[in-house]
Amino acid sequence: MKQTSAPQNIPADIINEASRQHAILARGVEHILGGDTELNGEKRDGLFVKLVDSLQNKRPLKVKLGMDPTATDLHLGHTVALTKMRQFQDLGHIAQPLIGDGTTLIGDPAGRNKTRPLLALDEIRANAKTYLDQIGKVLKKDETFDIRYNGDWLLKLDFQDIIKLCADVTVAQIIQREDFSTRLKENQPISLHELLYPLMQGYDSVAMECDIELGGTDQTFNLLMGRQLMDKRGMRPQIAMTLPLLEGTDGVEKMSKSKNNYIGVNDTPDDMFGKIMSISDEIMPRYYELLTDVDIKTLPAHPMDAKRQLGRTIVARFHDETSAKTTEEAFNNRFSQGELPEDIETKAVALPGGLLGVIVAVGFASSNGEARRLVQQGGVKLAGEKVTDVGMVVEAPTLLQVGKLKICELVAA
RNA sequence: GGGGGAGUGUCCGAGUGGUUAAAGGAGGCAGACUGUAAAUCUGUUAGCUAUGCUUACGUUGGUUCGAAUCCAUCCUCCCCCA
């Protein structure tokens with residue numbers, strides 16, 4: 001990596017201001033990669049150097065965070081980096097969230113017919129739109145907000161451009177990446193286009209002339225690829241800042257939609273609060289650390305109270321204070337006091353009807369067999385009374401409960 | 001282009017002619033215990049008009065009284081050599 005000669009006699013006020021910003025921005029960050037330099041005889045990391053540069057030239061830093069719109073929902077795991085981005089905004093820097101409509105399109109698994117990508121582009125754009133709304137819950141949409149779509153440049157590259165890009169990196173370099181080397185070792189297939197992925201992401205940084213790129217620790221390789229490509233083109237390479245990956249509600253795997261252990265930004269207040277209450281005590285400090293500004297030393301002694309506070313804080317952030325409060329009360333009533341929830345959905349079914357059929361009809365079981373199992377195992381209540389007779393007939397409208405969470409008021413269709 | 005190996009339920013994975021709706025694990029669901037905790041324990045986990053029937057071990061066809069298991073075909077993937 002080329003060394004840019006750093007300015008040496010930097011005024012104290014600039015050093016002070018850079019230190020102040022650095023303290024805020026480095027909090028909770030796993031690694032700051034690249035750009036370490038000596039300033040005024042002191043060793044500083046790349047972030048510090050960028051901040052000094054920004055202050056000296058009165059130029060806000062451009063901070064990139066890429067997101068592939070493969071699904072419609074953002075979850076709390078995504079918001080870790082978004083929150084960091086927001087801190088940059090609050091200090092006057094430019095947040096450049098990048099929607100990967102181009103990378104998503106290219107990354108579409110092979111073996112599709114030709115019309116599929118075009119459809120997918122629509123889908124991707126639609127997903128991107130909902131992303132934008134959800135991003136707005138964390139980022140400010142003022143003059144420090146500059147959203148980008150990498151399809152705008154990636155899809156315009158011609159074959160020559162792509163060849164040139166590929167020439168900037170070696171195969172050995174690409175396959176040393178852990179995901180790839182693991183898959184190779186385990187005889188898992190790797191498609192050629194997957195190898196191109198880091199290049200595309202790195203090229204985004206070239207196109208956007210980023211100062212800083214944020215990402216989870218799993219993104220380290222891709223972030224550094226951006227550095228390499230920028231350097232090859234004589235640009236000042238970006239600094240990579242990696243953030244820890246938030247574990248999901250199971251407390252073990254990282255939060256992800258496919259593992260179904262996520263808390264969605266768009267979850268209802270009740271869901272959000274409930275899911276937070278179901279995380280383990282052990283994992284709770286992580287949530288505080290990565291999702292809030294709360295000092296862990298100030299938490300209530302009882303873990304349950306601390307967890308309630310966490311739920312309140314997070315619901316308030318993604319919804320509002322009022323619903324945070326009412327949600328917590330509803331939660332207390334329902335689960336701590338064992339009361340029924342306030343608004344119970346009404347579902348119309350044919351009455352009288354066999355119990356099993358009714359359970360399936362309202363969608364609480366996907367087959368008669370499953371409904372039968374639920375009844376046999378004591379998971380079904382009618383009007384608050386446990387029922388065990390699988391052949392029973394529901395005569396009149398009543399309250400149906402299956403398990404702890406599924407509940408509805410039955411009425412005749 | 002040549003040689004070798006593999007495809008099993010939501011996932012991983014055992015199973016080489018009948019006792020296999022298919023071991024074991026993970027995950028899911030329900031119950032107990034609780035703080036909707038977590039951990040743990042118990043049960044359960046293809047469908048149905050249900051002591052039976054139907055569908056299911058990549059595809060299609062065949063051998064057999066009987067096939068996830070044997071044969072052929074095609075598809076897909078992996079490894080080695082070139």
Side-chain angles (χ1 to χ4, degrees), chain A residues 109-113 175 180-194 247-263 267-288 299-312 314-315 327-342 350 353-382 385-393 400-407:
Chain A
R112 306 281 182 206
N113 63 38
I175 61 175
F180 291 142
S181 55
T182 309
R183 280 162 70 184
L184 278 175
K185 225 178 288 164
E186 291 175 357
N187 292 343
Q188 295 298 314
I190 300 173
S191 302
L192 192 55
H193 78 273
E194 293 181 83
E247 291 81 359
T249 50
D250 58 15
V252 182
E253 305 263 21
K254 79 168 186 178
M255 186 175 284
S256 85
K257 183 145 191 162
S258 57
K259 299 243 168 58
N260 201 27
N261 63 357
Y262 69 101
I263 302 175
D267 278 356
T268 63
D270 284 346
D271 275 352
M272 210 177 250
F273 196 88
K275 285 181 186 175
I276 290 165
M277 289 308 285
S278 76
I279 65 172
S280 71
D281 294 350
E282 287 70 35
I283 204 72
M284 179 168 54
R286 289 280 287 175
Y287 276 57
Y288 267 108
L299 295 182
H302 196 293
M304 187 181 62
D305 294 328
K307 215 181 286 176
R308 284 215 173 113
Q309 183 187 314
L310 177 67
R312 230 171 24 235
I314 297 204
V315 172
T327 294
E328 186 184 6
E329 275 163 24
F331 178 87
N332 284 348
N333 292 338
R334 176 149 186 212
F335 295 107
S336 301
Q337 315 289 327
E339 288 171 18
L340 294 173
E342 304 231 327
L355 177 58
L356 301 185
V358 167
I359 293 172
V360 173
V362 298
F364 287 174
S366 56
S367 69
N368 273 3
E370 190 183 337
R372 175 188 307 269
R373 222 176 293 129
L374 288 165
V375 173
Q376 283 169 343
Q377 306 202 336
V380 176
K381 285 183 190 170
L382 279 178
E385 294 297 317
K386 190 178 282 187
V387 291
T388 49
D389 176 13
V390 288
M392 144 164 220
V393 172
L400 171 71
Q401 283 169 274
V402 174
K404 272 181 279 196
L405 297 173
K406 294 181 205 134
I407 184 164

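All heavy atoms count here, side chains included; hydrogens, waters and symmetry mates do not. Numbered from 1 within each chain, the chains take letters A, B, ... in sequence-line order.
Only the P atoms considered, B:U59 is 14 Å distant from B:C11, to the nearest whole Å. Straight-line distance between the P atoms of B:C71 and B:A23: roughly 25 Å, to the nearest whole Å. For the C1' atom pair drawn from B:G62 and B:A67, the interatomic distance equals 12 Å after rounding to whole Å. Comparing B:G61 with B:A50, their P atoms sit 32 Å apart, to the nearest whole Å. Taking the C1' atom of each, B:G7 and B:G52 are spaced 33 Å apart, rounded to whole Å. Rounded to a whole angstrom, the distance from the P atom of B:C77 to that of B:U19 is 35 Å. Atom name C1', nucleotides B:A6 and B:U69: the rounded distance is 15 Å, in whole Å. The same atom, P, is picked in B:U73 and in B:G24; the two are 37 Å apart, to the nearest Å.
Between A:Asn261 atom CG and B:A26 atom P the separation is 18 Å, expressed in whole Å. Here B:G35 presents its P atom at 15 Å from CZ of A:Phe273, a figure rounded to the nearest Å. Here B:G31 presents its C1' atom at 7 Å from NZ of A:Lys386, a figure rounded to the nearest Å. Atoms CG (A:Asp250) and P (B:G27) sit 9 Å apart, rounded to a whole Å. Look at CG on A:Asp281: it is 11 Å from P on B:A39, rounded to the nearest Å.
Residue order along RNA chain B, read from the 5' end via each residue's closest nucleotide, puts A:His302 first among A:His302 and A:Thr249.
In this structure, the nucleotide among B:G35, B:G31, B:A38 sitting nearest to the side chain of A:Ser280 is B:A38. When distances run from any side-chain atom of A:Leu374 to the nucleotides B:G31, B:G35, B:A30, the shortest one goes to B:A30. Checking B:A38, B:A50, B:G35 against every side-chain atom of A:Arg372, the shortest atom distance belongs to B:A50. Closest to the A:Glu282 side chain, of the nucleotides B:G35, B:A38, B:A32, is B:A38.
Across all non-hydrogen atoms, the minimal contact from A:Phe335 to A:Leu405 is CZ-CD2, 3.8 Å.
With A:Ser367 contributing its side chain and A:Glu370 its backbone, the two residues share a donor-acceptor pair below 3.5 Å. A donor-acceptor contact shorter than 3.5 Å links the side chain of A:Tyr288 to the backbone of A:Ala306.
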For a side chain to side chain contact (heavy atoms under 4.5 Å, CB included) check, start with the C-alpha distance between A:Leu355 and A:Leu382, then their side-chain angles and the critical distance, and finish with the verdict.
CA-CA 10 Å; A:Leu355 177 58; A:Leu382 279 178; 4.2 Å; yes
Just the atom pairs and distances: protein N or O near nucleotides 76-82 of chain B's N or O, under 3.5 Å.
from: B:C78; atom 1: O2'; to: A:Asn187; atom 2: ND2; distance (Å): 3.4

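Under the side chain to side chain contact (heavy atoms under 4.5 Å, CB included) criterion, A:Ser181 pairs with no residue, sequence neighbours left out. For the side chain to side chain contact (heavy atoms under 4.5 Å, CB included) test, residues two or more places apart in sequence or in another chain that qualify with A:Gln337 are A:Asn333, A:Glu339. Scored by the side chain to side chain donor-acceptor pair (under 3.5 Å) test, A:Lys406 finds no partners at all (sequence neighbours excluded). Checked against salt bridge (Lys or Arg N to Asp or Glu O under 4.0 Å), A:Arg312 has the following partners two or more places apart in sequence or in another chain: A:Glu328. Looking at residues two or more places apart in sequence or on another chain, you find a side chain to side chain contact (heavy atoms under 4.5 Å, CB included) between A:Ser280 and A:Glu282, A:Ile283. For A:Asp281, the salt bridge (Lys or Arg N to Asp or Glu O under 4.0 Å) partners two or more places apart in sequence, or in a different chain, are A:Lys307. Residues that satisfy the ring-ring contact (aromatic ring centres under 6.0 Å, His included) test with A:Phe180, not counting sequence neighbours, are absent from this structure. A:Ser336 is linked by a side chain to side chain donor-acceptor pair (under 3.5 Å) to A:Arg308, counting only residues two or more places apart in sequence or in another chain. Not a single side chain to side chain donor-acceptor pair (under 3.5 Å) links A:Asp305 to another residue, sequence neighbours left out.
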Base-pair map of RNA chain B as dot-bracket, where | denotes pairing with a different strand and pairs are Watson-Crick or G-U under 3.5 Å:
((((((((.[[[..)..(.....]]]((((((.......))))))(((...)))...[.[[[..)....]]].]))))))).
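Counting any heavy atom pair closer than 4.0 Å across all strands shown, A:Leu405 reaches a base atom.
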Contact state string [nucleotides 42-48 of chain B, B base, S sugar-phosphate only, - no protein heavy atom under 4.0 Å]
-BSS-SS
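Side-chain atoms of A:Asn260 stay outside donor-acceptor range of the base of B:G27, with no qualifying N/O pair under 3.5 Å.
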